[in-house]
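Presented below is the structure to which this report refers.
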Amino acid sequence: MSARSRHWGAAPDRPALALRNLSKVFGDVPAVDGVDLEVRQGEFITLLGPSGSGKTTTLRMIAGFTLQSGGTIEIDGVDMGHVPPYRRDVGMVFQNYALFPHMTAAENIAFPLQMRRVGRPEIKRRVADALGLVKLEGLGQRYPRQLSGGQQQRIAFARAVVFNPRLLLMDEPLGALDKKLREALQLEVMHISRQLGATVVYVTHDQDEALVMSDRIAIFSRGRIEQLGTGEDLYERPASLFVADFIGESNILRGRFEPAGDGGWLVRDPWRWQVGAAAAARASLEGGSAAALVVRPERLRIVGVDAGPGLATGVNAVDAIVRDVLYLGSMRKFELVLPDGNAAVVRQQRGGGGHEGRAGDRVRLTWAVDDGVLVADPHG
Amino acid sequence: MTRGSGRRPRGGPIVDRWALLAIPLIAFLVAFFLVPLIVVSLRSVADFPKPTGDIFSNYGRFFASAANLRVLANTFWVAALSTVVCLALGYPYAYLMNIVRPRVAGLLLIAVLLPFWSSLLVRTYAWQVILRDTGIINTFLLDWGLITEPIPLIRTTLGVMLGMSQVLLPFMVLPIYAVMRRIDPEYTKAAANLGAPPFAAFRRVFLPLSLPGVLAGSLLVFVLALGFYITPALLGSPKDTMISQFIANAVQQRLDWGIGATMAVILMGLTLVVLFVASRFIRLRDVFGSLEES
Ligand SMILES: Nc1ncnc2c1ncn2[C@@H]1O[C@H](COP(=O)(O)OP(=O)(O)OP(=O)(O)O)[C@@H](O)[C@H]1O
Ligand SMILES: [Mg+2]
């Protein structure tokens, strides 16, 4: 495996990939609109976002299939401005695999090595290694059409990593597979990438996939990176309403932000909710601006409405009406309606001793002040 | 890969009534194609100038003449040459059609089909006007003093090739184009991504994937060229004579129906051999199916 780290992990300080103000305009439609991103050596980064947000376009610019309209792409510190795709040394797994139909699986995997003028005995050895890596030792002589979807995917992956590219790009590589196979392959792709020390840029619009596989996730929206961070960052500290909405379930309370001391209040008559100092600092909003408080479903507790005045400090509350209670095995999920008519969700571990709400009950929802995340409300 | 996928499942509905509309064409084919074919085949073994005991004496006569064999060989030579010329011209043309915008591709398609919209005879005479010693090209070159003697263009194999490939080109271009259009552009991108410079990507990926079209077009052109007659007669030298012309001569001038029929059967037999050999390598359905798709 030592030969494999020719590129991978070669210069740990220099970013494996740096996108600076990268943009692409089709006609007058900005598909990618000023993307900045640095990927560390050996890091697994996922571009996640809704359809049409510019993920594929970004990936294609990195691979060199599409020329950027502006900005720069650096791989291992080298500007790719005038480097054609065949000299970028970047492996790509295509969504439809793009395995050459007239070559066997082994020939497909050998192709990038032949292009690099690797000697025959070494090609043979490395193809065998790659087939072993994806656990398809016996199937080298099959043609792509004789392989199942999952097997084709593995061959495409083997072909993309066999030449130790400086960067591995994958555009929804598991999109065409059924759920069960997809989940198995998610782990496999992740483990093999780690094992090889590969730097990976992965595209998906499946948030679970992104959370499972990635070191960091870049949330794309309308051609821009809305937020970049670990799955935990994005879930616990979404930087915008869009991210809060896109990653996981969230409860959103809208109002106006009023600073007070280090923290402040989100005010919506007759309610007002305390905002923690850390949350206020991260959002850094002007006093009086439209804002929203985001609270994750498992951070809410349901109590009786009569618990009212006795609330401890450091706890916020809002009233709601239970609309539905769903039993999800070890979990109970409440669907509720807030006073402003918006929906809310609460998840409770069973046996956690929470309130036994029933459909139609008036209840009070409470949460610790530090569990509320303050974001700007662009629609407010 | 199932060859018989178009077949009606056994035990399915009896003939669809609309299929009855095919009867006129079937009757036409039987009356004007199958029956004459049988008659010609029979005449090749039964129609002799003077009776002999040997029913194959027409075939004996054919193969006894060196001139006949030479013409037969020449027919295959000219057909092969036309195929090569059409391939050399047609492949890049189809490639171009495949990479330009759809509207330009449409114009290129019309341009290659243009010969179909004028009569073969008119077109061949037009080539004569262009190629002969006092024709457009030679007059032009003489007037400009680029040459002192007319260069022989007509009555040469070159003339035959020009005339024939013009007519045959669509049969090369269309199948190749149809196959190229079905090649997913992602393959060439994948090749580039894996380190193949443009020419290597073409040679290792695009070309092999377009090969079915090349084989289909070549077969079509070759088989059609075998039966050519007017163009070689008008634009070629006597050594470019093709067997169809011999057949016409035998029947029209010498009224020797027996030998004419024999040559026709031999030509057809050899054509079938070509098709049979080709069918070992390509699926003929693709060859003829490719035309209707483009
Ligand atoms: N070749 C093109 N010509 C014109 N517009 C394009 C082209 N490719 C992409 N676009 C546009 O650019 C935008 C971004 O597309 P892109 O394919 O990058 O989205 P995506 O994030 O990959 O979406 P998905 O999740 O659906 O794959 C879209 O609005 C799309 O319509
Ligand atoms: Mg995409």
Checklist entry - Side chain, backbone, both or neither: which part of A:R60 has a heavy atom under 4.5 Å from chain B? => result side chain
Checklist entry - Which answer fits B:N193, side chain, backbone, both or neither, if we ask what part of it has an atom under 4.5 Å from a heavy atom of chain A? => result both
Next on the checklist: Tell me if the NE2 atom of A:H205 is crowded by more than 12 foreign heavy atoms within 6.0 Å.
Outcome noted: no
Item to check | Proximity of B:F171 and B:F116 rings by center, below 6.0 Å | outcome: yes
Checklist entry - Quick one: what part of B:A201 sits under 4.5 Å from any heavy atom of chain A, side chain, backbone, both or neither? => result neither
Item to check | Which portion of A:L113 sits near chain B, non-hydrogen atoms under 4.5 angstrom | outcome: neither
Checklist entry - Top residue by heavy-atom pair count (under 4.5 Å) with chain A, among B:A200, B:A190, B:P208? => result B:A190
Next on the checklist: Here's one to test your reading of the geometry: is the NZ or CZ of A:R159 within 45 degrees of the ring axis of A:F100 and under 6.0 Å from its centre?
Outcome noted: yes
Next on the checklist: If you count heavy atoms of other groups shown closer than 6.0 angstrom to CZ of A:R194, is the number above 12?
Outcome noted: yes
Next on the checklist: Quick one: does any side-chain atom of A:Q68 pair with a main-chain N or O of A:S23 as donor and acceptor, under 3.5 Å?
Outcome noted: no
